[in-house]
**Q** 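Supplied in structure tokens, the structure appears directly below.
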Amino acid sequence: MDRFRIRGGTPLRGSVQIGGAKNAALPILFSSLLTEGRLKLKNVPNLQDIVFTIKVLEHLGVAVDSSPSSHEVALQAKDLKSYEAPYDLVRKMRASVLVLGPLLARFGEARVSLPGGCAIGARPIDIHLSGMEAMGATIELHEGYVLAKAKRLEGCRYRLPFPSVGGTENLMMAATLARGETVFENCAQEPEIANLAEVLVSMGAEIEGAGTSTIRIQGKDQLSGGEGTIIGDRIEAGTFLLAALATQGQVKVNGIKPNQLEAVLKQMEVCGARVKREDNAIAIESTGKLKAISFKTEPFPGFPTDMQAQFMALLCLVPGESQISETIFENRFMHVPELARMGAAIRIAGNEAIITGPSVLKGAPVMATDLRASASLVIAALAAEGETNIHRIYHLDRGYEVMEVKLKQLGGDVERLRD
Ligand code: UD1
């Protein structure tokens, strides 16, 4: 198993290219199931979750042509072998439930394992299922599996009880092949949803309003091949910006639209960062006088839950009492005991974390517990005195492409070692 050995204390300086967004690439790869035509994608990040998604698609019978070094993938779902995403696949990557909408809409049938509990909370899929039911599907739960059937999905009006990202994506994909018009209200508005819609439109789908709370879709009898480019990863970009602040450095991230990260940039400014927004890049530097802040995680355009752990690592270094409320997931403070091992003073009260700073963080052996928690430990280690070994970085490899190479490029002292 790989680990990172990080020797902290060097300010990060320079510029870094941000890769394609994992969370946009996953649903877009799954959208290939909607058509027998060929789907050609660019800027697909080379990550473990992408490798895994390709495995799931190949298991179903999709022909996949991927060239990880050029970040291009072509997919063709002509004759499928199976309409099922088994437990073993869904357990490893929850986003596998995104096969449900496309399979049901195109083939009239899908069998998907219920995801069950995962490291960051219960994460049910009731919204995905009730939306499909509203489109006329029958849903049966049997031995841990969802069996969804529909001769042809019917357009409808459905209000999501909560703006679930995956729910919006699954339902939007399903509705592209439904009969007539479907209107979804209270949709998730994350930039990844608009990216998925762009690709679906290139396949002949008719979608209005993706990226806003109301999405209107005119269903088609079939979709064609298509193409698309994955947007930049706002979470990767934000992680590098926070690492720059934590080490009192100066970093520019290229390949990211600032408005996709605005809620995070605002908090960085309140905290005392100087932020420069460019067309497709963001530059940051510390004013040297950072101060405590409070925020809560929310659906987009609010502060993303996927940046909470990384921002907490920075707040450990800041004088005063900061407060973070996590409103999206329960159990998303698993990085706290690990940060505490490095000297952080953090108290948890329900869904709130109270961080008292400044702490002088000290290198220690720590354990990555999930993807974003691992990124927060990297930030803490870069700012800490001495050497930190972060174990189980396979979590990090799910969502950050060659992170150690990029950090080294910025002057960080980071090595990937194999035990
Ligand atoms: C996606 C992202 C993930 C991010 C999250 C929130 C991908 C692959 N993953 O996850 O990185 O942290 O959005 O921005 O894009 N919920 C229900 N019922 C449902 C669906 C969700 O109760 O049917 C709840 C979940 O348990 C959770 C909250 O809604 O508490 C948010 O979930 P959701 O927006 O669906 O997140 P994901 O799509 O799983």
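Atoms within a ligand are numbered from 1 in the order they appear, just like the ligands themselves. For the single chain, residues carry numbers from 1 onward in sequence order. Any value given below was found using the heavy atoms of this structure, including those in side chains, with hydrogens, waters and symmetry copies removed.
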**Q** Relative to ligand 1, is D306 under 4.0 angstrom through side chain, backbone, both or neither, heavy atoms considered?
**A**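 Only the side chain of D306 comes within reach of ligand 1.
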**Q** Give the contacting part of L129 toward ligand 1: side chain, backbone, both or neither, where contact means a heavy-atom distance below 4.0 Å.
**A**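 Looking at L129 and ligand 1, no heavy atom falls under 4.0 Å.
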**Q** Charged N to carboxylate O below 4.0 Å: is that the case for E227 and K40?
**A**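 Looking at K40 together with E227, the answer is no, because their closest N to O distance does not fall below 4.0 Å.
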**Q** Applying side-chain contact (heavy atoms from CB on, under 4.5 Å), run through V112 and I125 and close with a yes or a no.
**A** CA-CA 11 Å; V112 175; I125 57 163; 5.6 Å; no
**Q** G166 heavy atoms, cut-off 4.0 Å: which ligand 1 atoms fall inside?
**A**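 That gives atoms 35 (O), 38 (O) of ligand 1.
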**Q** Is N23 close to D306 at the side-chain level, that is, under 4.5 Å between some pair of heavy atoms?
**A**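 Side chain of D306 against side chain of N23, heavy atoms only: contact under 4.5 Å found.
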**Q** Looking at R94, which atoms of ligand 1 are within less than 4.0 Å of one of its heavy atoms?
**A** 39 (O)
**Q** Identify which of L371, D370, V165, D126 has a heavy atom lying nearest to atom 13 (O) of ligand 1.
**A** V165
**Q** Which one of P124, P27, G302, S96 has a non-hydrogen atom at the shortest distance from atom 21 (C) of ligand 1?
**A** P124
**Q** Before accepting this row, confirm whether a basic side-chain N of the pair E401/K22 lies closer than 4.0 Å to the acidic partner's carboxylate O.
**A** no
**Q** Please confirm whether A188 approaches ligand 1 to less than 4.0 Å, judged on its heavy atoms.
**A** no
**Q** What about E330: any of its N or O atoms under 3.5 Å from an N or O on ligand 1?
**A**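 No.
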**Q** Tell me the contacting part of F162 for ligand 1: side chain, backbone, both, or neither, using a 4.0 Å heavy-atom threshold, strictly below.
**A**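 Side chain only; the backbone of F162 stays clear of ligand 1.
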**Q** Please list, in number order, the atoms of ligand 1 under 4.0 Å from a heavy atom of H128.
**A** 23 (O)
**Q** Would you say the side chain of Y145 lies within less than 4.5 Å of the side chain of L114, judging by non-hydrogen atoms?
**A** no
**Q** Without hydrogens or angle criteria, can the side chains of Y400 and T239 be said to hold a donor-acceptor pair below 3.5 Å?
**A**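 A donor-acceptor contact under 3.5 Å links the two side chains.
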**Q** Backbone or side chain, does any N or O of I127 fall under 3.5 Å from an N or O of ligand 1?
**A**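 N/O-N/O distance under 3.5 Å: yes.
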**Q** Could you say whether the N/O atoms of F329 and ligand 1 ever approach to under 3.5 Å?
**A**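 So ligand 1 has no N or O lying under 3.5 Å from an N or O of F329.
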**Q** Do K266 and V275 touch side chain to side chain, with heavy atoms closer than 4.5 Å?
**A**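 SC-SC contact between K266 and V275 ruled out.
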**Q** Y394: what forms a ring-ring contact (aromatic ring centres under 6.0 Å, His included) with it, not counting sequence neighbours?
**A** none
**Q** If you define the side chain from C-beta out and look only at heavy atoms, does anything of Y83 sit under 4.5 Å from L104?
**A**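 They are not in contact (no side-chain heavy atoms under 4.5 Å apart), so the answer is no.
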**Q** Which residues pass the ring-ring contact (aromatic ring centres under 6.0 Å, His included) test with F303, not counting sequence neighbours?
**A** F295, F311
**Q** Pull out every atom of ligand 1 sitting under 4.0 Å from any heavy atom of T305, numbered as shown with elements.
**A**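 The list of qualifying atoms is 6 (C), 12 (O), 14 (O).
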**Q** Should the proximity of R332 to ligand 1, defined as any heavy atom under 4.0 Å, be assigned to the side chain, the backbone, both, or neither?
**A** side chain
**Q** Can you confirm, on distance only, whether ligand 1 has an N/O atom lying under 3.5 Å from any N/O atom belonging to N23?
**A** yes
